[in-house]
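Scroll down for the structure; my scribbles are underneath it.
Whatever order the structure lists ligands and atoms in, that order sets their numbers, starting from 1.
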Amino acid sequence: MTFKSKTMRPDLFQSPDYYLLDELLSDEHKMVRDAARAWVKKEVSPIIEDFAQRAEFPKQIVKGLGEIGGFGPYIPVEYGGAGLDQISYGLIMQEIERGDSGVRSTSSVQSSLVMYPIWKYGNEEQRMKYLPKLATGEFIGCFGLTEPDFGSNPGGMVTNFKDMGDHYLLNGAKMWISNAPFADIAVVWAKNEEGRIHGLIVERGMEGFSTPETHNKWSLRASATGELIFDNVKVPKENLLPNKSGLGAPLGCLDSARYGIAWGAIGAAMDCYDTALRYSKERIQFDKPIGATQLQQKKLAEMITEITKAQLLTWRLGVLRNEGKATTAQISMAKRNNVDMALTIARDARQMLGGMGITGEYSIMRHMMNLESVVTYEGTHDIHLLITGMDVTGFPAFK
Ligand SMILES: Cc1cc2nc3c(=O)[nH]c(=O)nc-3n(C[C@H](O)[C@H](O)[C@H](O)COP(=O)(O)OP(=O)(O)OC[C@H]3O[C@@H](n4cnc5c(N)ncnc54)[C@H](O)[C@@H]3O)c2cc1C
């Protein structure tokens with residue numbers, strides 16, 4: 001069923017490009033970006049506010065997400081992916097999150113946390129079995145790393161599996177898992193009897209595997225979140241990802257997802273800026289547009305400056321990723337900076353709309369609440385500060 005928004009205004013978004021960054025993009029980049037932008041305007045903007053208000057994931061957009069390259073943009077075409085470069089991947093994430101961070105979360109999880117590990121750490125049989133179906137959205141996946149007692153410190157995880165001869169026996173629980181309530185498969189990180197972390201593909205329907213939904217979120221309301229419970233789940237041996245183990249395996253997936261988030265956050269920030277700019281020209285107080293006042297101009301000037309800096313940061317990071325040179329610490333810096341930038345812009349933009357800013361008629365409050373999750377997941381803001389701190393000093397301050 002398709003819902004028409006009863007509240008939100010038409011999507012009049014115009015993308016800011018203050019430093020003529022389009023000149024750095026290839027024709028393919030612009031084509032991919034424009035297709036994603038048009039799809040978001042047509043399929044996401046009109047319905048997303050209603051779904052967020054009702055705390056429901058809009059399942060009808062899954063097929064379209066696959067068609068615009070939202071599932072596995074950089075996965076090779078022989079596995080059903082779009083075979084695009086890292087800048088196109090980033091631009092798709094930017095456009096999707098311009099619509100909603102929850103929709104981008106579904107895309108990020110499927111692409112970087114499910115398809116990426118199967119592509120990089122799986123064998124050919126696993127790639128052929130899962131990747132084409134994940135690329136079209138026929139299968140939805142989720143990624144189980146975080147546990148109730150191990151969030152920022154995932155290496156301490158207690159979820160474990162035992163070798164039973166002809167299968168593995170999986171026990172434990174994961175928490176805060178995006179897509180969990182309706183995922184067809186889960187890439188789950190668990191320790192073997194020697195305490196080494198491995199990835200296992202767990203399929204819905206396996207006995208002892210359940211995915212209860214997490215309710216009462218004020219953030220990412222249009223994205224479903226849940227737990228993964230493993231109670232003596234028999235996992236076939238062929239479902240173990242054979243080509244990488246240790247904490248570096250899930251962290252490698254996070255590099256790819258965090259890179260996408262760095263771009264995505266720019267999308268949310270651009271939408272808030274564009275909305276506030278338009279409103280500032282139309283809203284009259286004291287007989288003049290609020291955009292003609294110095295205090296509101298200061299906010300807008302700072303917003304466009306920070307967006308431009310973030311655009312340059314991610315573009316350069318994309319070039320480094322294409323060349324295989326981007327480090328974990330460089331990706332971490334961009335995720336932290338851009339999400340913080342977007343959150344600050346969302347808060348300022350919301351104030352610029354006065355009372356209207358708290359309603360669902362505009363997208364800003366939804367972006368603002370969504371970004372409270374984005375600043376927490378895939379490494380909190382503070383943990384990313386520690387990653388940069390460790391990178392420049394050589395001292396890990398985590399412990
Ligand atoms: C909506 C949503 C979706 C999510 N989706 C997924 C998913 O799909 N898959 C998945 O595996 N996980 C997912 N997560 C989990 C997310 O990655 C964790 O919430 C995050 O890593 C933080 O863990 P925590 O919540 O346990 O916080 P904690 O680790 O308990 O941290 C609490 C606070 O302490 C700070 N802190 C922790 N350690 C230190 C330290 N050494 N020094 C200084 N400060 C410190 C943190 O910065 C934070 O401010 C999701 C979370 C949310 C909210």
Identify which of Gly151, Ser108, Gly102, Pro154 has a heavy atom lying nearest to atom 23 (O) of ligand 1. Gly151

Does the separation of the ring centres of Tyr130 and Tyr79 fall below 6.0 angstrom? no

Which atoms of ligand 1 sit under 4.0 Å from any heavy atom of Glu378? 17 (O)

Using a strict 4.0 Å cut-off to heavy atoms of Tyr377, name the atoms of ligand 1 that fall inside it. 2 (C), 3 (C), 4 (C), 16 (C), 17 (O), 50 (C), 51 (C)

Taking the minimum heavy-atom distance to atom 3 (C) of ligand 1, which of Ser178, Ala257, Ser101, Ala183 ranks first? Ser178

N/O to N/O below 3.5 Å, does that happen between Ile383 and ligand 1? no

Candidate with minimal heavy-atom separation from atom 15 (C) of ligand 1, of Ile177, Thr146, Val114: Thr146

Relative to each other, are the rings of Phe161 and His198 parallel, tilted or perpendicular (30° and 60° limits)? perpendicular

For residues Glu302 and Tyr273, is any side-chain donor paired with an opposing acceptor at under 3.5 Å? no

Report yes or no: is the cationic atom of Arg54 (NZ for Lys, CZ for Arg) under 6.0 Å from the centre of the six-membered ring of Phe51, at an angle within 45° of the ring normal? yes

Could you tell me which atoms of ligand 1, counted from 1 in the order shown, lie closer than 4.0 angstrom to a heavy atom of Leu220? 1 (C)

Just to confirm my output: which protein heavy-atom neighbour is closest to atom 49 (O) of ligand 1, and how far is it? Asp382 OD2, 4.4 Å

cation_pi(Lys237, Tyr168) dist<6.0 Å, angle<=45: yes

With under 30° as parallel and over 60° as perpendicular, where do the rings of Phe182 and Phe57 fit, or are they tilted in between? parallel

Checking contacts now, so for atom 35 (C) of ligand 1, which I'm interested in, is there any protein heavy atom under 4.0 Å? no

Backbone or side-chain N or O of Thr380 under 3.5 Å from ligand 1 N or O: yes

Quick one: closest heavy-atom pair of Asp274 and Phe13, and the distance? OD2-CA, 3.2 Å

Under the 4.0 Å line, does any protein heavy atom show up next to atom 32 (C) of ligand 1? no

Interfacing atoms of ligand 1 (cut-off 4.0 Å, heavy-atom, Phe398): 41 (N)

For ligand 1, find out whether one of its N or O atoms is nearer than 3.5 Å to an N or O atom of Trp176. yes

Shortest reach to atom 20 (C) of ligand 1 by a heavy atom, considering only Leu386, Thr376, Asp149: Thr376

Asp166 atom CG, over 12 foreign heavy atoms within 6.0 Å: yes

For the residue pair Asn171 / Asn160, report whether a side-chain donor-acceptor contact shorter than 3.5 Å exists. no

Quick check on atom 17 (O) of ligand 1 - does any protein heavy atom sit closer than 4.0 Å to it? yes

Indicate, with yes or no, if Trp119 and Leu240 share a hydrophobic cluster defined by side-chain heavy-atom contacts under 4.5 Å among Ile, Leu, Val, Met, Phe, Trp and Tyr. no

Distance under 4.0 Å to a non-hydrogen atom of Leu145: what atoms of ligand 1 satisfy this? 11 (O)

